[in-house]
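Reckoned from all heavy atoms, side chains included, excluding hydrogens, waters and symmetry mates.
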Amino acid sequence: MKLNYREKVILGAVLAFIIVLAGIFGLIKPKAQDIKDDKKTLAAKQTEKKDIEKKIDEIEPLKKDIDTLYKETNDMVDDFVEYNDIFTPDLLDQYMQEYADKCNVKVSTLNVGSLANGTIDYYYFKPTTLSEDLFASADVNGDQQALREKDEAESTALGEREKGQAMSAQYGVSVKGKKEDIWAYMDAIKEIDDAVIINSVAISDYTFGEDLSDEEKAALGDDEGKTDVQFVITLYSVYDMAKPNTDAD
């Protein structure tokens, strides 16, 4: 079938239109997929942005918590002996000699230990019963046992509590002095703000020479009224905690 000129022009226009449409649809489909993929990416990025913003909002309270913990930790560190004061036996001796000088007691022998890991024990009084068997036999109703458990509640709780760790150094010293000076020395150690504990005290003469005759007292000269006392003292120290860098942007 032959087409006239007019029909050929119309057919050509239709074919051109079809080709243009095919090209348009060929371009639109990938773009539509790209738009769909971009929407998914945008949604994921928006979710990620919200998560980041949430974490940023949590940073300031976290900084405050860290700063508070640092302050509380440093407050506790203040209760311990400065590490730089006692980390060698010589420094420990100098640290403790001050109290002997203030209280007019003379150090005669000394045994100073180096810092080492130590356990901080809890100090408490635990009631005791002379005869457990007789106590159990007499307490037929369990009333005394109930009272005993009540009395021992504090010591039992402290005995079961986990003990803390710190650096510790033992200071064994024998001093000579009069009764009032020895008592003042013990009070001075007790009043130290740092973690210093008197573990034991052994007094050679509890009368401080009161039972001696006048001749014996005179023979002692400057040592009259004085006696030797042995102390074992433990000093506790911890390292200072470095301040966390919470001021950085």
Side-chain angles (χ1 to χ4, degrees), residues 75-128 130 152 154-155 158-159 161-240:
D75 289 342
M76 288 187 287
V77 169
D78 289 341
D79 293 332
F80 291 83
V81 182
E82 281 283 344
Y83 172 78
N84 290 334
D85 287 339
I86 63 168
F87 77 95
T88 66
D90 288 343
L91 288 172
L92 174 56
D93 180 30
Q94 293 175 24
Y95 179 85
M96 294 301 296
Q97 182 64 43
E98 173 187 350
Y99 299 98
D101 294 339
K102 284 181 179 179
C103 300
N104 298 316
V105 296
K106 184 179 180 181
V107 175
S108 53
T109 61
L110 188 63
N111 184 12
V112 183
S114 300
L115 276 176
N117 290 335
T119 300
I120 304 176
D121 293 320
Y122 295 99
Y123 282 78
Y124 52 86
F125 171 73
K126 184 172 183 178
T128 58
L130 293 178
E152 293 180 352
E154 181 180 4
S155 60
L158 290 174
R161 184 179 296 180
E162 184 177 354
K163 298 175 182 178
Q165 299 290 316
M167 293 179 290
S168 66
Q170 279 211 328
Y171 181 79
V173 62
S174 293
V175 299
K176 174 173 277 191
K178 293 184 177 181
K179 183 176 182 179
E180 59 271 22
D181 296 330
I182 296 295
W183 262 235
Y185 182 66
M186 286 191 286
D187 285 338
I189 295 173
K190 184 181 69 175
E191 295 301 322
I192 297 175
D193 291 334
D194 303 322
V196 179
I197 296 173
I198 299 176
N199 301 109
S200 66
V201 180
I203 302 176
S204 299
D205 179 9
Y206 286 91
T207 70
F208 287 83
E210 291 181 3
D211 296 337
L212 297 177
S213 65
D214 292 339
E215 292 78 9
E216 289 173 323
K217 291 179 182 179
L220 291 174
D222 291 339
D223 287 340
E224 181 184 349
K226 298 180 180 180
T227 193
D228 292 308
V229 183
Q230 291 78 43
F231 291 92
V232 175
I233 302 167
T234 302
L235 300 90
Y236 293 97
S237 180
V238 293
Y239 290 113
D240 290 335

Between [atom1] on residue [X] and [atom2] on residue [Y], distance to nearest 0.5 Å:
X	Y	atom1	atom2	answer
Asp222	Lys106	CG	NZ	9.5 Å
Lys226	Asp205	NZ	CG	14.5 Å
Ile197	Lys190	CD1	NZ	14.0 Å
Ile203	Ile182	CD1	CD1	7.5 Å
Asp181	Lys179	CG	NZ	12.5 Å
Ile192	Tyr99	CD1	OH	4.0 Å

Test item: side-chain donor near acceptor, Asp228 and Ser174, under 3.5 Å: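 No pair is found: no donor N or O on one side chain lies under 3.5 Å from an acceptor on the other.
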Parallel, tilted or perpendicular, as decided by the 30° and 60° cut-offs, for the rings of Tyr83 and Phe87: parallel
Glu82 and Tyr95, any side-chain heavy atoms less than 4.5 Å apart: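 The answer is no, as the side chains (C-beta and beyond) never meet within the 4.5 Å cut-off.
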Check: Met96 and Val107 side chains under 4.5 Å, non-hydrogen atoms: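 No, every pair of side-chain atoms sits at 4.5 Å or beyond.
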Using every non-hydrogen atom in the two residues, find where [X] and [Y] come nearest and quote the distance to one decimal.
X	Y	result
Ile86	Leu235	CD1-CB, 4.2 Å
Ser168	Thr234	CB-CG2, 4.0 Å
Ala169	Leu92	CB-CD2, 3.8 Å
Gln97	Tyr171	N-OH, 4.4 Å

Among Val173, Ile198, Asn104, the one residue meeting side chain to side chain contact (heavy atoms under 4.5 Å, CB included) with Tyr185: Val173
Gln170 and Asn199: CA distance, side-chain angles, deciding distance, side-chain contact (heavy atoms from CB on, under 4.5 Å) verdict: CA-CA 9 Å; Gln170 279 211 328; Asn199 301 109; 3.9 Å; yes
Polar side-chain atom of Ser204 near backbone of Thr227 as donor-acceptor pair, under 3.5 Å: no
